[in-house]
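A, B, ... follow the sequence lines: proteins, then strands. Residue 1 opens every chain. What you see is a predicted model; the values in this text were computed from it and never measured.
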2 protein chains.
Amino acid sequence: MNEKKPDRLTLLKNTPLFLKLPESALRMLDGILIERSFLKGENIFTEGSESDGFYIIIKGRVKVFKLSAEGKEQILHIVGAKELLGAVSAFAGTPYPAHADAMEKTTAFFLPGKDFLVLIQKEPSVVMNMMANLSMRLQHFTRMIEDLSLKEVPGRLAAYLLYLHERTGRGDVVEIDISKGQLASLLGTIPETLSRILRKMSEKGLLKVSGRKVRLLNRKVLHDIVNGEKAGL
Amino acid sequence: MNEKKPDRLTLLKNTPLFLKLPESALRMLDGILIERSFLKGENIFTEGSESDGFYIIIKGRVKVFKLSAEGKEQILHIVGAKELLGAVSAFAGTPYPAHADAMEKTTAFFLPGKDFLVLIQKEPSVVMNMMANLSMRLQHFTRMIEDLSLKEVPGRLAAYLLYLHERTGRGDVVEIDISKGQLASLLGTIPETLSRILRKMSEKGLLKVSGRKVRLLNRKVLHDIVNGEKAGL
DNA sequence: TTCGTTTCTTGACTTACGTCAAGGATATCT
DNA sequence: AGATATCCTTGACGTAAGTCAAGAAACGAA
């Protein structure tokens, strides 16, 4: 166990939240952080439960989501390595505002809320980094509200595919990194609707689906769809 | 003009963002802030334009909103006295993510971005106050995404009315503080739909509308509607 | 591989809500 | 107060997307 310590320090140093932290603070953190693991599908926290701290994801992915009365799920965001989970609640001392489930085998460091508050007082850079983090999340949520309220599902899907293409596209092929059902939940719809729209887009020659790989055949029209063109879907 | 200065200082002292600021910093701010006025309906900034600073609203109200390709409007939030407008963009140095229009005659202090960044460096309490602000906004947006994606319009309306009742209700009467058209835009729908749902709720004996005053006659059922009950609407 | 489970797709149907158009009610300005 | 513009309501209609149900395909475990 002891020989793992150097690894943890390096991990911490490369976590955006802890950028610019002095060595001493990192070492202190290393002594406080608790490593936790979660199985695929395991619940990490539940909406409404009291926040006793937050997580820094080391490996794996976690979905943060809301549930409707009828059980429909809306994914708010997916948290991956080096990102924070539940930090706002820990800072504000409020209950977790949504559920969090591991989407795959996940390991994370847990930082108890009280230690976090002490750290914040001592290290202003942590607060600045966290502000940057919150700002990005706010932007993301703004776009999500816009999409849900002002775009239809084809527009949201096209926007997501083009976004994937920009970040991870190899040629004109993008690989959806989550199941189609989960993608539906991220886009604010249901698997049936997503499936139908993908088929229509295929029929129109806009793309070609094979499993999780999607070849974007007409990005121009996909862009138009994002901007509200009906394109006969 | 000079005899107004004491007023400004008092205003600043009572602004959440500047809580706990030393007298000296407040006086410096007072020398930097620029007072600006906007007419009803006037645009304050536009989505995509570069942020050169942010506003502290002194009087009046401002709607922050997105527009769809077809011109439909989604209000993200309404900013009133002592609240901040455009602060995230000023902090992050990103363009404004939405439009802002004055809903009534509004006066505000403008703080140039560069001065804000200097202030942030010098006064950690400002950052903490701003974090608290961002956290609340994030919570608000989370709820908004949940509502748009998982609730229908009657549920969103009922939630809004009950929220108004909690904050400002006199007996069982609440007063909607914006026009019905704007309320529709805030709830992510259109005036026709809002009108129809209000009528149906009246017919079911859940409430009684007279102008902007709404008498809530059956809060229990309204709560049920928030929680996904159809209630025969 | 084979079995069993989960995920994905498809069709027929329903429905909430948006669109279009018009009349009525309120508000605002001189 | 009267005139003009804005806001609100109502009806008839269209449509995007959800529900229900059933097969097909993909995945995982034994």
Q) Considering residues at least two apart in sequence or located in another chain, which fulfil the ring pair (Phe, Tyr, Trp, His ring centres under 6.0 Å) criterion with B:Tyr160? A) none

Could you tell me whether [X] atom [atom1] has more than 12 heavy atoms of other residues or ligands within 6.0 Å of it?
X        : atom1 : value
A:Glu70  : CD    : yes
A:Lys72  : NZ    : yes
A:Glu203 : CD    : yes

Q: Taking B:Ser149 for its side chain and B:Glu146 for its backbone only, find out whether a donor-acceptor pair lies under 3.5 Å.
A: no

Q. So, B:Arg170 side chain and B:His165 main chain: donor-acceptor pair closer than 3.5 Å or not?
A. no

Between [Y] and [X], is there a side-chain heavy-atom distance shorter than 4.5 Å?
X        : Y        : value
A:Phe109 : A:Leu12  : yes
B:Leu150 : B:Asp147 : no
B:Leu17  : B:Asn133 : no
B:Leu33  : B:Arg8   : yes

Q. Of all nucleotides in DNA chain C with an atom under 4.0 Å from a non-hydrogen atom of chain A, which is the first and which the last going 5' to 3'?
A. C:dC8 to C:dA12

From [atom1] of [X] over to [atom2] of [N], roughly how many Å is that when rounded to an integer?
X        : N      : atom1 : atom2 : value
B:Arg212 : D:dT6  : CZ    : C1'   : 12 Å
B:Met103 : D:dT6  : CE    : P     : 17 Å
A:Glu192 : D:dC20 : CD    : C1'   : 9 Å
B:Leu183 : D:dC7  : CG    : P     : 14 Å

Q.
Here's a test of your reading of the structure: between B:Lys230 and B:Glu70, which maps to the more 5' nucleotide of DNA chain C?
A. B:Lys230

Q: Would you kindly compare B:Lys40 and B:Lys72 by the position of their nearest DNA chain C nucleotide and give the one closer to the 5′ end?
A: B:Lys72

Q | Among B:Val174, B:Val173, B:Leu164, B:Asp172, side chain to side chain contact (heavy atoms under 4.5 Å, CB included) partner for B:Val214 | A | B:Val174

Q. Aromatic rings B:Tyr55 and B:Phe45: how do their planes relate, parallel, tilted or perpendicular, breaks at 30° and 60°?
A. parallel

Q. Does any residue of residues 144-165 of chain A have a heavy atom under 4.0 Å from DNA chain C, and if so, which ones, in number order?
A. none

(Q) Give the residues of residues 193-208 of chain B touching DNA chain C, defined as any heavy atom closer than 4.0 Å, sorted by residue number. (A) B:Thr193, B:Arg196

Q. Can you list every side-chain hydrogen bond (donor to acceptor under 3.5 Å, both in side chains) pair that touches residues 98-107 of chain B, not counting sequence neighbours?
A. B:Asn43-B:Asp101, B:Arg61-B:Glu104

(Q) Stem finding on DNA chain D, please: runs of three or more consecutive Watson-Crick or G-U wobble pairs, both distances under 3.5 Å, sorted by first number. (A) C:1-22 with D:9-30, C:25-30 with D:1-6

